[in-house]
Student: 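Please see the structure below; I have some questions.
Chain naming here is simple, since letters A, B, ... match the order of the sequence lines and numbering starts at 1 in each. Side chains are part of it too, since the values below use all heavy atoms of this structure and drop only hydrogens, waters and symmetry mates.
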Amino acid sequence: MAAPEAELVLKWEREQAHLRESVKEEDTEDWQRSPDFSGLERVGGVDLSFIKGDDINACAHLVVLTYPHMKVLYEDCKMVTLNAPYVAGFLGFREAPPLLQALEKLKNIQPNLMPQVLFVDGNGLFHYREFGLACHLGVLSDLPCVGVAKNLLHVEGVVRSEEHQLQINALQKSGDSFSLATASGRVLGKALRSSQSSIKPVYVSVGHRITLDTAVRLTHTCCLYRVPEPIRQADIRSREYLRCRDIT
DNA sequence: GCGACAG
DNA sequence: ATCTTGTCGC
């Protein structure tokens, strides 16, 4: 079973390298330059939830919240069948297709509710080949995207070391952060203390059409709790959906 | 060489 | 991703 997957991985690596060329690491929107993000009214979040013994059927969820109040404007939930296995470093091939479909549906039925930026559960440029799920979704949808991972991916020398833990301990207050740089010095993301009540940081990186500093600043303003509200709502609502549907 | 490895 | 309730503390 390892051989066919190795071939698939090679194909995926080529595709990631190709799509990587389209990632924009700049602020392309006016609201991104504004100190208080004036002009930003809608932020989106996506997530997939699974049932315990099943890793191919999932609930794909898209939510759109108002900014800055974080009220739910739109919610879409759908059971989907995933075609690709989970392989660390290739999340996009597994999760992006159903999420892109959800965005496409929104564009067709309520284009006025299209989010101006999308929060993605997972990494963007903080990735082995600088092309995580947030970049994947960003490039294919051409929407500004921010990657927010709850756990540290081991990328080019960035690991859960004693040094890393010391940096986490130094994050005194909500909004504090430190850079995640490769051995060569390139900053691929930032560890952000997103709320006062949680010492564990979230790992923020650029998905598409946004700078890292703007992504971190925006993430901070969207956090009522540790996880940015758009992702948190997508997560809560998708498992709620599964819970009620599973009992049948 | 072995293990580590977003969701 | 998922397995899982209450409980202690600010």
Student: Could you tell me whether the side-chain ring of A:Y86 sits stacked on the base of B:dG7, using a centroid cut-off under 5.5 Å and a plane angle under 30°?
Tutor: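 Per 5.5 Å and 30° rule: yes, stacked.
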
Student: Report the distance from atom CG of A:D235 to atom P of B:dA6, rounded to the nearest whole Å.
Tutor: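 Taking CG of A:D235 and P of B:dA6, I get 16 Å after rounding.
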
Student: Assign A:N151 to base, sugar-phosphate, or nothing according to its heavy-atom contacts below 4.0 angstrom with the strands shown.
Tutor: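 A:N151: backbone/sugar contact only, no base atoms under 4.0 Å.
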
Student: Which atom names give the shortest non-hydrogen contact between A:R129 and A:R20, and what distance separates them?
Tutor: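 Looking at all heavy atoms of both residues, the closest pair is O-CD, 4.0 Å.
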
Student: How close or far is atom C1' of B:dC5 from atom CG of A:L152, stated in whole angstroms?
Tutor: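 Rounding to the nearest Å, CG of A:L152 and C1' of B:dC5 are 10 Å apart.
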
Student: With the side chain counted from C-beta on, respond yes when A:L73 and A:P115 share a heavy-atom pair under 4.5 Å apart, and no when they do not.
Tutor: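 The answer is no; the side chains never approach within 4.5 Å.
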
Student: Within the 3.5 Å criterion, strictly below it, is a donor on A:N108 or A:E104 matched to an acceptor on the partner's side chain?
Tutor: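 Their side chains do not contain a donor-acceptor pair, so the 3.5 Å distance test is not met.
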
Student: List the atom of A:H220, the atom of A:L192, and the distance in Å for their closest heavy-atom pair.
Tutor: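 Smallest interatomic distance, heavy atoms only, reads N-CD2, 4.1 Å.
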
Student: Rounded to whole angstroms, how far apart are CG on A:L153 and C1' on B:dC5?
Tutor: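 Taking atom C1' of B:dC5 as the reference, CG of A:L153 is at 6 Å.
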
Student: Which range-with-range stems can be found for DNA chain B when each stem has 3 or more Watson-Crick or G-U pairs in a row and both distances sit under 3.5 Å?
Tutor: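 Stems for DNA chain B, defined as runs of 3 or more consecutive pairs: none.
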
Student: Tell me whether A:D47 is salt-bridged to A:R237, with the criterion being a basic N under 4.0 Å from an acidic carboxylate O.
Tutor: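 No, no charged N to carboxylate O under 4.0 Å.
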
Student: Reading DNA chain C from 5' to 3', where do the contacts with chain A start and stop? Cut-off is 4.0 Å to heavy atoms.
Tutor: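 Answer, 5' to 3': C:dA1 to C:dC3.
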
Student: A:H164 vs A:Y203 aromatic rings, parallel, tilted or perpendicular, using cut-offs 30° and 60°?
Tutor: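 It falls in the parallel class, under 30°.
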
Student: Check the orientation of A:F93 and A:H136. Use parallel for under 30°, tilted for 30 to 60°, and perpendicular for over 60°.
Tutor: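 Judged by the thresholds at 30° and 60°, the geometry between A:F93 and A:H136 is perpendicular.
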
Student: What is the distance from NE2 of A:H164 to C1' of B:dA4, rounded to the nearest Å?
Tutor: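 In whole Å, B:dA4 C1' and A:H164 NE2 are 14 Å from each other.
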
Student: In whole Å, I'd like the distance from the CG atom of A:L125 to the C1' atom of B:dA6.
Tutor: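 In whole Å, B:dA6 C1' lies 14 Å from A:L125 CG.
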
Student: Please report, rounded to the nearest Å, how far the C1' atom of B:dG7 is from the CG atom of A:N83.
Tutor: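 Checked: the CG to C1' distance equals 16 Å.
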
Student: Reckon A:G53 touches a base, only the sugar-phosphate, or nothing at all at heavy-atom distances under 4.0 Å?
Tutor: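 It contacts nothing in the nucleic acid.
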
Student: Can you tell me how far P of B:dG7 sits from NE2 of A:H61, to the nearest Å?
Tutor: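 Taking NE2 of A:H61 and P of B:dG7, I get 19 Å after rounding.
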
Student: In whole angstrom, what separates A:R94's CZ from B:dC5's C1'?
Tutor: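 In whole Å, B:dC5 C1' and A:R94 CZ are 15 Å from each other.
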
Student: Give the intermediate values and the outcome of side-chain hydrogen bond (donor to acceptor under 3.5 Å, both in side chains) for residues A:S195 and A:S198.
Tutor: CA-CA 6 Å; A:S195 76; A:S198 155; 4.6 Å; no

Student: Just checking A:F93: base, sugar-phosphate only, or nothing, at a heavy-atom cut-off of under 4.0 Å?
Tutor: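 Nothing, no heavy atom under 4.0 Å.
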
Student: For DNA chain C, what string of dots and brackets results from 5' to 3' when Watson-Crick and G-U pairs need both distances under 3.5 Å, crossing pairs get [ ], and pairs with another strand get |?
Tutor: ..........

Student: Regarding A:Y241 and A:S49, is there a side-chain donor-to-acceptor distance under 3.5 Å anywhere?
Tutor: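 No pair is found: no donor N or O on one side chain lies under 3.5 Å from an acceptor on the other.
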
Student: Does atom CG of A:N57 have more than 12 heavy-atom neighbours, drawn from other residues, nucleotides or ligands, at distances under 6.0 Å?
Tutor: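 Atom CG in A:N57 is crowded, with more than 12 foreign heavy atoms closer than 6.0 Å.
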
Student: Check whether A:F119 forms a cation-pi arrangement with A:R232 (NZ or CZ under 6.0 Å from the six-membered ring centre, at most 45° off the ring normal).
Tutor: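 No cation-pi geometry.
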
Student: So do A:R193 and A:K173 actually touch side chain to side chain, heavy atoms under 4.5 Å?
Tutor: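 No, every pair of side-chain atoms sits at 4.5 Å or beyond.
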
